[in-house]
Amino acid sequence: MSARRKGKRRLAGEMVTVSMVQMAHGGEALGRHEGKVIFVGYTLPGEVARVRLVEDHTTWARGQLVEVLSPSPDRVIPPCPYFGPERCGGCQWQHIAYERQLRLKQEIVVDQLRRLGRITDPPVKPTLAVGEPWGYRNHMQFSVTREGRLGLLRSHSRDVVAVDECLLLHPSLREIYASFELEWDALRRVILRCGVNTGERMVILEAESDEIPEVTVDMPVSVVLHRATKGPFPLAGLPFLREVVGGRTFRVSSDSFFQVNTAGAEALLGLVRTYLAPRGHETLLDLYCGVGLFGLSLAEEVGLVIGVDASESAMEDAAHNAAEMGLDNVALHEGPVEEVLPVLWEPAELAVLDPPRSGAGREVLKHLPRLHVRRLVYVSCDVATMARDARYLQELGYRLREVQPVDMFPQTYHVETVSLWEWAPDETPA
């Protein structure tokens, strides 16, 4: 008798044929081989693929695509020369026709809510397409190769793949990317940002030292240095840019969060407004408020907005934006949401949450009933943590009314969701 050793072991390139049956959260399709789940990137449900196994775990394995033996009718030729196994990992789904991408994202949201959220029949609408499926990113981070070239990380690796062009980058940033040159050993990352509706552009240099480099700028663009132990330092222009969403102008500093898809931000704002349905007198709790996209946009439609965020720069932006908009019914609290909420006692009938990928978590959500939140909109960029928090919300007495997936990240597996929850503790969960 022998017992199989638990944990990961590398296989010596064993080749297997796998029929792919479902798309998994994370971008890979899954199939089965000898009773074990096999995850394979760059494939589609319905395809049969020849696969080289590269990881083996107790209940699952990961394979690298070698050949598609039976392609799906939804398979298309990727337009990017850097896309594919062992290449750039910025995209995962360029090989999938866009309409199928939208359907797959809806299916993944349903699956995660069933498995992790324990919701039998989740009310998930078809995925909403917004803007263009290419050239949509107003904010993108690039790493630096050892040779000093810009690139993106390889799939399942920390290696950097140099790329001459990225098709996801907004056209106003492609000129900057193509002309960028800076020989500096301390440079580790370069972040490009733009205001799609204002035309303002910014280059952020992330370095592992506090050295100040000499920078020459020959186009209208701000340059900001993010140093290892000190705050942002403007090298050219202003340390912020402006973007217009919903007819309002938002200042966004170099280290403040803002949605990477401007058309998507417009769609999110419209959904949050529709779901919350403010009537003019309520208090709105805006958690993880950032520069104020949701709360400030809705301030004139409620009695009071209470914004909470841990980012110092974002809260400074939010305060500036509120003042510029002439809003006097906004209260801002800087600090981690899980630390600020316990000391808040102002009842809030409405709430919107837009947490980071890690989600809100039980320690945040448990305060919502105490604050008498009756209608809640949860905006999420990670369907798995959203589904986990969905289980917590149900336990607290909230009931899911609708989920709208929004395709903020075409050509990738990522999907934004906006979900509406209502306080109904006496109602049986779905």
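Quick note: numbers below take in every heavy atom, side chains included, and nothing from hydrogens, waters or symmetry partners.
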Pair listing, side-chain hydrogen bond (donor to acceptor under 3.5 Å, both in side chains) test, anchored in residues 332-349, at least two apart: none
Looking only at non-hydrogen atoms, find the nearest pair between R137 and M140 and report the distance. CD-SD, 3.8 Å
Verify, without hydrogens or angle tests, whether Y82 (side chain) and D164 (backbone) share a donor-acceptor contact under 3.5 angstrom. yes
Under the 6.0 Å and 45° cation-pi test, does R251 pair with F240? yes
D185 atom CG: more than 12 heavy-atom contacts under 6.0 Å: no
Taking the side chain as everything from C-beta on, heavy atoms only, tell me whether R114 gets closer than 4.5 Å to P122. yes
Any donor-acceptor pair under 3.5 Å linking the side chain of D309 with the backbone of G290? yes
Donor-acceptor pair, distance only, cut-off 3.5 Å: does the side chain of T198 make one with the backbone of R242? yes
Taking the side chain as every heavy atom from C-beta outward, state whether L285 and V352 have any pair of such atoms under 4.5 Å apart. no
Between the CD atom in Q92 and the CD atom in Q94, the distance rounded to the nearest 0.5 Å is 9.5 Å
Quick check for you: to the nearest 0.5 Å, what is the distance between I176 atom CD1 and H170 atom NE2? 11.5 Å
Indicate whether any N or O donor in one side chain lies under 3.5 Å from an N or O acceptor in the other, for T412 and H414. no
Nearest-0.5 Å distance that lies between atom CG in L304 and atom CG in L284: 8.5 Å
Within the distance-only criterion (no hydrogens, no angle test), does the side chain of S253 pair as donor or acceptor with the backbone N or O of D255 below 3.5 angstrom? no
Apply side-chain contact (heavy atoms from CB on, under 4.5 Å) to R362 and E395, showing your working. CA-CA 10 Å; R362 194 189 301 270; E395 294 171 356; 3.0 Å; yes
Determine yes or no for a side-chain-to-main-chain donor-acceptor pair under 3.5 angstrom, with T127 supplying the side chain and L102 the backbone. yes
P133 backbone acceptor or donor facing Q411 side chain under 3.5 Å: yes
Is the backbone of C80 close enough, under 3.5 Å, to the side chain of E165 for a donor and an acceptor to pair up by distance? no
I'd like to know whether the aromatic ring centres of Y177 and F142 sit less than 6.0 Å apart in this structure. yes
For K36 and D56, indicate whether the former's side chain and the latter's backbone hold a donor-acceptor pair under 3.5 Å. no
Under the side-chain hydrogen bond (donor to acceptor under 3.5 Å, both in side chains) criterion, do Q394 and W421 qualify, and how do the steps go? CA-CA 9 Å; Q394 289 186 110; W421 296 81; over 6 Å; no
Ring centres of W93 and Y413 under 6.0 Å apart? no
Of all the heavy-atom pairs spanning R174 and C166, show the shortest one and how long it is. NE-O, 3.9 Å
Side chain to side chain, T417 and V379, heavy atoms closer than 4.5 Å: no
Does the side chain of T283 come within less than 4.5 Å of L350's, by heavy atoms? no
Passes side-chain contact (heavy atoms from CB on, under 4.5 Å), F409 versus E416? Steps please. CA-CA 8 Å; F409 315 98; E416 196 91 0; 3.5 Å; yes
Over 60° means perpendicular and under 30° means parallel, so classify the ring planes of Y42 and F83, tilted if in between. perpendicular
For E132, does the CD atom have more than 12 heavy-atom neighbours from other residues, nucleotides or ligands under 6.0 Å away? no
R357, CZ atom: more than 12 neighbouring heavy atoms under 6.0 Å: yes
Heavy-atom side-chain contact between L393 and L368 under 4.5 Å: yes
Has Q106 got a side-chain atom pairing as donor or acceptor with V124's backbone, closer than 3.5 angstrom? yes
d(K105 NZ, H25 NE2) to nearest 0.5 Å is 11.5 Å
Should L241 and S254 count as side-chain neighbours, where that means a heavy-atom distance under 4.5 Å? no
Side chains of E211 and W184: is there a donor and an acceptor less than 3.5 Å apart? yes
For a quick test of reading the model, state the closest non-hydrogen atom pair linking N197 to V244 and the distance between them. ND2-O, 2.8 Å
Decide yes or no on side-chain hydrogen bond (donor to acceptor under 3.5 Å, both in side chains) for D407 and Y98, but give the supporting numbers first. CA-CA 10 Å; D407 195 20; Y98 188 56; 2.5 Å; yes
Find out whether V161 and L152 are in side-chain contact, i.e. whether some heavy atom of one side chain is under 4.5 Å from a heavy atom of the other. no
Validation row: V144, V160 side chains within 4.5 angstrom (heavy atoms): no
Tell me, with the steps shown, if V245 and F258 meet side-chain contact (heavy atoms from CB on, under 4.5 Å). CA-CA 11 Å; V245 177; F258 200 77; 3.8 Å; yes
Between the side chains of E402 and Y275, is a donor N or O closer than 3.5 angstrom to an acceptor N or O? yes
Checking side-chain contact (heavy atoms from CB on, under 4.5 Å) for the pair V190/Q141: CA distance, chi angles, key distance, verdict? CA-CA 6 Å; V190 175; Q141 174 178 289; over 6 Å; no
The test is salt bridge (Lys or Arg N to Asp or Glu O under 4.0 Å); show your working for E282 and R374 and say whether it passes. CA-CA 11 Å; E282 304 100 329; R374 294 295 181 263; over 6 Å; no
Salt bridge (charged side-chain N to carboxylate O under 4.0 Å, His left out) against R399, all qualifying residues, sequence neighbours excluded: none
Without hydrogens or angle criteria, can the side chains of Q259 and D354 be said to hold a donor-acceptor pair below 3.5 Å? yes
Hey, which of I191, V224, L182 is the one that makes side chain to side chain contact (heavy atoms under 4.5 Å, CB included) with L205? L182
So which heavy atom on M315 is nearest to which on L332, and how close? CE-CB, 3.5 Å
Between M23 and A29, what is the shortest heavy-atom contact and its length? SD-N, 3.6 Å
Give me the atom names and distance for the closest heavy-atom approach of D286 to G295. OD2-N, 2.9 Å
If only atom types and distance count, is the side chain of E300 paired as donor or acceptor with the main-chain N or O of S297 below 3.5 Å? no
